Amino acid sequence: MQFVMRISNHFLRMNGKRLQKQNKKQILLQYRLTFLSDTEVNWCPALGTVLANDEIVNGVSERGGHPVVRKKMTQWSMRISAYAQRLLDGLSTIDWPQPLKDSQTNWIGKSVGAMVTFEVLSPALSEGKGEKSDSKRTPGYMTGGNNSYLLLEKAKEMRANPTPAEAILWKYLKGKKLKSKFRQQHLINDFIVDFVCLSKKLIIEVDGKIHDYQLEKDEARTLELEQKSGFKVIRFKNEEVIGDIDAVLSKIDSELSNQAFLLSKLEEKKVDNNHKQANVTVSLSSGKGLRDRISVFTTRPDTIFGVSFMTLAPEHELVAKITTDAQKAAVDAYINATAKRSERDRMADVKTISGAFTGAYAIHPFTGIKIPIWIGDYVLANYGTGAVMAVPCGDQRDYDFAKHFDIEIPNIFENVDISEAAHTDKEGTVIANSDFLSGLSYKKALKLAIFELEKMGAGYGKINYRLRDAVFSRQRYWGEPFPVYYKDGMPQMIDAKHLPIVLPEVEKYLPTEDGKPPLGNATEWAWDSRANKVVSNDKLKNKTVYPLELNTMPGWAGSSWYFNRYMDSNNEGEFAGKEALDYWKDVDLYIGGSEHATGHLLYARFWQKFLFDKGIVPVDEFAKKLINQGMILGTSAFVNLLRVLVKDSVGNETKETLLITDDWRMILSSAKLMSDQNYNKALLEFDKVMKLEVQKHFALDKNGARFIDLIKYNIDEITRIHADVSFVNASNELNVEAFKNWRNEYNSLIPVEEGGKIKVSREVEKMSKSKYNVVNPDQICEEYGADSLRLFEMFLGPLEQAKPWKTSGISGVSSFLKKLWKLYFNGENFEVSDAAPTKDELKTLHKTIKKVEEDIENFSFNTSVSTFMIAVNELTVLKCNKRAILEPLAILVSPYAPHIAEELWSLLGHKESIAKADFPIFEETHLVESSKTYPVSFNGKMRFTMDLSLDLSKEEIEKAVMAHEKTIAQLAGREPKKVIIVPGKIINIVG
RNA sequence: GCUCGAGUGGCGGAAUUGGUAGACGCGCUGGAUUCAAAAUCCAGUUCUUUCGGGAGUGUGGGUUCGAUUCCCACCUCGAGUACCA
C-alpha cells in the first residue's frame, strides 16, 4: 500500500519543493494505489455500511435486501482503474471461460477516442465575483492549465520537430538575442503557443497553412490568451518569417517595448485596486479566466464536423455558471424535475426525451461556429466528463434529442440517408462535408481529427475506461483493520514490521451512536508511535499516541490474495515465503461461480498484478485455468395469501388472512388473458368459494359470534410468499397444519379450497435460507451412501451447468455401485481369481481407462460415470472376476466413489490406501480390431450395416458392398453416381 | 438494445479435426421370480407406418458425397450489461 505511481514522481519533480510538507502528503495521497477520497458511495442505512456495486442487486443490498442510497463519504479507495489496460491484456493469457472474460471486458469498458475541448461563448455570469487566488503556487514559467501534464509531451514533441519557419525564428529569438527571454512551444493554460516572452507577456505565433481555414478559431484563442491571461498575441505567416526575417524581428522588438510600457501601467493600477478589492477581475497572473471550457470524451472524433449541439448532464458543474438569465427558469425547472427521479427511474425510462437549453453557446474548434449548449438527462454525470458533443447524424440518442427539440441535423456521411435514423455504422462509412476530413474513411478521419486537435491544443487522443476505482472501506467490525493512524488528520501507515494489528474487543458490533463505524466503540484503539503498538484510547493525550482508523477492509481484501497464502500457510513471518511462491506459482485450477466475474475475480487479478509489480509473487495472473461450476438450484414453493375484512353477526369487523391454493392464481390469471367476461366469471366463482370456506371456518372454529359476510378484499393484493419446501409433497400439496405452525402469524390463516388441499406453485431458484428451498443431502447419504450421492451429483450433467436438484435418478447410480460390488463377490463371499484375463475383458478395461483419462482432462465427470456403468455391465455379462481386471477398475473408480473403492482395495489384500495406488496405464494393443461394422449410407442416410475386414482395400470394400442384397434393393436398378468409402469409417452411396 | 451462451425423446443428458443421432441413467410398458411386496433379472421404449419403409437434433436457407457439428438469416430461452457518448 506504499506503492506510489509514476505520475506522483512526475508531480513531485514539478511541484515538490514549493509545497509545504503537509500539502505534499495530502496531494501525494491522491496518487497512491490506496487513497482517501470523498466519493459518492452506496450507503446502506439498515446495515450501517457502504456497499460495493457488486454487492447491490436491483437497488437493494444483496445481503438482506435493504434499500441503498447514494451518499458522500470519505473512504479508502483502491486505484484499480490504473490497472484497467493490464487487466484487459491479461485475459488473453489465462484459460478462463469466455463468458467470464467477456463480462470482465465489458466491466472494464474500454473505449478509444478523443478528449475534445470546446470553449464556451456565453456571457460569463460569474463576473464581478472575482477570482480567488490559487493556493497552489507553481513556478512562474509553468503557465500550463489543468491538463498540462497531458500537453507537455506534445509540446516537447513539437519543440523537437519545428517547422522551417519556426526553426528560423527560434534562431533569432533564443539566448536573449532581443534582450528578452523567449520560450518555444510553451504551455499557456491548455494552449501550446509557438513562442512566448513571459516577462513581457508577448506571444508570437507562426502560422502555416492549417490556420487559413480556422481563422475564427484562432481569433477565439487569441481572445482567450489576451483577455484571460493578459498576453499580447502577434502572428506572422510562414512566408513572412522565411522571406523577410528582419521585418519580423523589428516588429517583435517594437511590440516588446510596447508591452513593457503597458505592463508597468497595469502594475500601478493593480496596486491601486488592491486597496479596494481583494481580487481584481482582470488579473494578469490569474490561472482562471472569464471563459469556461467544456471537455467531452468521444469515440468518434471523425464526426466532429457533424456536431450541432452539446449536451451536459443536469448535474454538470458548469450548468449554473453558463446558463443565461433568460433560460435560468427553464433550466432550474428541468434540474428539479430530474433530481426528483431516482437514478433507476431515469435509467428505466429511456424513451422519454427531455432536456433544456442553457442559452449558452460553445465554439466549434475547427469551424468556429456557435454551438448551442443543452442539458439533458440522457447524459450521465458519472461517465466520461458528464458532457457530450452531440452528433445527431451519427448517434441515435443525439438524433432523437435533436428531432425532439428541432435542432439542426447536419449530414456528414457520404451517400447516407439520415431522414429516419442516425447512421451509426462505422465500417465503410465515408466522411463528407467535413473540411479536411471529407472523403476519408472512418478510420483515417478519426486519426487525422485527433492529430489536428492535438496540434491546435483543442484535444488529444484518449482511452476511456468504465471501470471505477473500488471503495475499500467498510463500516463493519468484521474485517481486517487498516494499519493506519491519523496524525494531524493525515493518515500514516504503520510500518510492516509492526504488523499485524488485531481487531480490538468491542462491547457491540454496531455503529456508534454518533454514526461512527463499530471500531468507534473500542476503548483500546490508539497507536503509540514510540512503542509501536496499539494502546488504550486514554493515552491519546500523549503527544506520540494517535487515533487508529475506524473503518475495516471489505471481504475482497482477504479473497484477493488467500490463494497465495495457501502456498505457505504456516509461515509466521510473512504472507508467504519466496521459495513456496516460486514453487507453486499460481493456482492450476480455480473452480468458482460466475457471479464473481466482476467482483472477486477482477479484484484478485488486480492484487496479483500489484504484488507481481512489487516483486512479491512470481506471476501476474493467479489462476491458470478457471471453471464456473454450475449451481445446484432449489425448487422453491410459494403459497398465496390474501388479506380480507370479515364481519360477524355481532357486527365486529376483523381482519383475516386467507391461504389460497395456487390453482386459483392460475385460473384467474389465465381467465384474465382470455377476456374480461371470462375474468369476471372467474372472479364470481372465486368469491363464492371463498365466502363458503370462510363461513365454514368460523362455524367450526369460533363459537359465539357467527360469520356473516366477507366485506372487502382486493384480488390484486394476493401476496406470494415462500413456504418451506419440507411442507410440500411430490404432488405440490402443502401440509397446511405444518405451515400454520411454522410461524405465529400464520396460526390463524384460513385455508380456502374445496377438498382442503392447498397447492403451491414451484419455481427454480438459487438455494437460499431466505427462500426456504434448501435441501439437505444427509437423508440421501443415509439411504444410499456418500458414494451414491457423490456419483449422482457428477452424473447429473456437465460440471458447468446449473440445474435444479432432483433426486429421481439416484437409484441408477446406487444400483451401479451394487453391481460393481457384486463383481468382486460370489454370493456372500469375496472371491477374485488370479487367472489370466480374456481378450474381451482386457478390451473393456482399456476402453474404460482411455475414456476416463480423457474425461478427467476435460472435467467431463458425467460421461466417466456412464463409462463405468458400461464397463460394469460388460464385465457382469462376461462374468469376470479376474484380479488383473478388477484391481485396475477399483483404482479407476476410486476418485469417483472413494469409499467403496477403498473397501474393495482392502479386500483385495492391500494395506495402503487406494489413493496411493498408481493409475492404470492404457495400452492401445487391447483395442485393436480386425474388422469393422461399416454403416452403409445412401445419400448420407444410414440404411444398414455390414461387417468387413479392416484389411480390405477401397476397391474390395466397394465390390463387397455393391454385391450386398440390401444395396441392390436400395438402388432398385439405378446406377450409383458415386461411392464414397472412408476405410474404417463409413461407406456412402450416392445415386 | 448490446455482448455472450444454449436449444437433441416423457426427463437428466451422450455424440462436434463433419462420418451409424439418441450412449448411460431415470421414467414408462411387458415378462420372470414372489403368497405378496421390496429387491433382482430379462425384453421393449425418438416419432410415424400399409411393417417394405419414411421422417427426425428450435425455424428457414446454404456449403458438402455426407451437417446435431461449418456458414447466413430468423425464433425462443438463459446469463451479463445497459441512455458508456
Side-chain angles (χ1 to χ4, degrees), chain A residues 97-107 109-111 113-114 116 296-301 303 310-311 313 346-353 376-380 382-391 394-398 400-401 424 464-467 594-595 597-598 628 764 791-792 795-798 800-804 806-816 818-819 822 851 860 862-873 876 932-946 969-970 976-982 984-991:
Chain A
Q98 196 55 43
L100 197 150
K101 286 185 181 184
D102 288 340
S103 82
Q104 289 206 348
T105 305
N106 286 339
W107 192 259
K110 177 181 179 174
S111 7
V116 184
V296 300
F297 174 74
T298 175
T299 54
R300 298 293 303 276
T303 63
M310 298 189 80
T311 316
R346 244 170 92 172
M347 282 198 243
D349 179 20
V350 181
K351 283 191 187 109
T352 315
I353 294 158
D377 67 0
Y378 80 97
V379 176
L380 303 176
N382 46 17
Y383 180 76
T385 59
V388 299
M389 60 175 225
V391 183
D395 183 286
Q396 193 56 47
R397 291 155 304 170
D398 295 344
D400 294 341
F401 195 87
T424 52
N464 214 34
Y465 298 94
R466 200 180 69 104
L467 185 68
S594 55
E595 69 273 19
T598 54
N628 292 135
V764 173
L791 221 46
F792 179 60
F795 192 54
L796 274 174
E800 296 90 342
Q801 229 167 76
K803 51 181 67 75
K806 259 192 230 160
T807 56
S808 52
I810 196 151
S811 62
V813 290
S814 171
S815 64
F816 155 72
K818 283 181 198 159
K819 282 189 217 164
K822 276 191 204 160
K851 180 78 174 113
S860 174
N862 54 327
T863 50
S864 287
V865 177
S866 80
T867 303
F868 288 133
M869 288 174 171
I870 294 166
V872 167
N873 287 346
T876 305
K932 154 94 187 163
T933 305
Y934 278 95
V936 182
S937 308
F938 290 80
N939 298 320
K941 287 245 167 258
M942 202 282 287
R943 296 305 176 199
F944 63 93
T945 59
M946 61 189 293
Q970 272 290 336
K977 283 184 193 137
K978 208 170 174 184
V979 180
I980 310 276
I981 292 162
V982 184
K985 285 233 157 146
I986 196 170
I987 298 158
N988 190 18
I989 297 165
V990 189

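Because the structure is a prediction, the values reported are computed rather than measured. A note on names: the letters A, B, ... follow the listed sequences, proteins ahead of strands, and every chain is numbered from 1.
- For A:I980, the listed nucleotide lying nearest its side chain is B:C65; candidates were B:C24, B:C65, B:C84.
- B:A36 and B:U46 have their P atoms separated by 32 Å, given to the nearest Å.
- Spacing of C1' atoms, B:C26 relative to B:A6, comes out at 23 Å, to the nearest Å.
- Base orientation of B:G44: anti, since the glycosidic angle falls outside 90° of 0.
- Rounded to whole Å, the separation between the C1' atoms of B:U8 and B:U76 comes to 15 Å.
- For B:C4, its base never sits under 3.5 Å from the side chain of A:D102 at any donor and acceptor pair.
- Here A:K101 lies out of heavy-atom contact (under 4.0 Å) with every strand.
- Rounded to whole Å, the C1' atom of B:U34 lies 11 Å from the corresponding atom of B:A39.
- For B:G9, the O4'-C1' to base torsion is within 90° of 0; the nucleotide is therefore syn.
- Look at the P atom in both B:U16 and B:C24: the space between them is 16 Å, to the nearest Å.
- Nearest nucleotide to the side chain of A:N873, out of B:G13, B:A85, B:G25: B:G25.
- The distance from atom CG of A:N464 to atom CZ of A:F297, rounded to the nearest 0.5 Å, is 4.5 Å.
- With P as the reference atom, B:C4 and B:A73 are 12 Å apart, rounded to whole Å.
- If you take CG of A:N862 and P of B:A23, they are 15 Å apart, rounded to a whole angstrom.
- Dashed line: the shortest gap from a side-chain N or O of A:R466 to OP1 or OP2 of B:A85 is not under 4.0 Å.
- Around the NZ atom of A:K806, the shell of radius 6.0 Å holds no more than 12 heavy atoms that belong to other residues, nucleotides or ligands.
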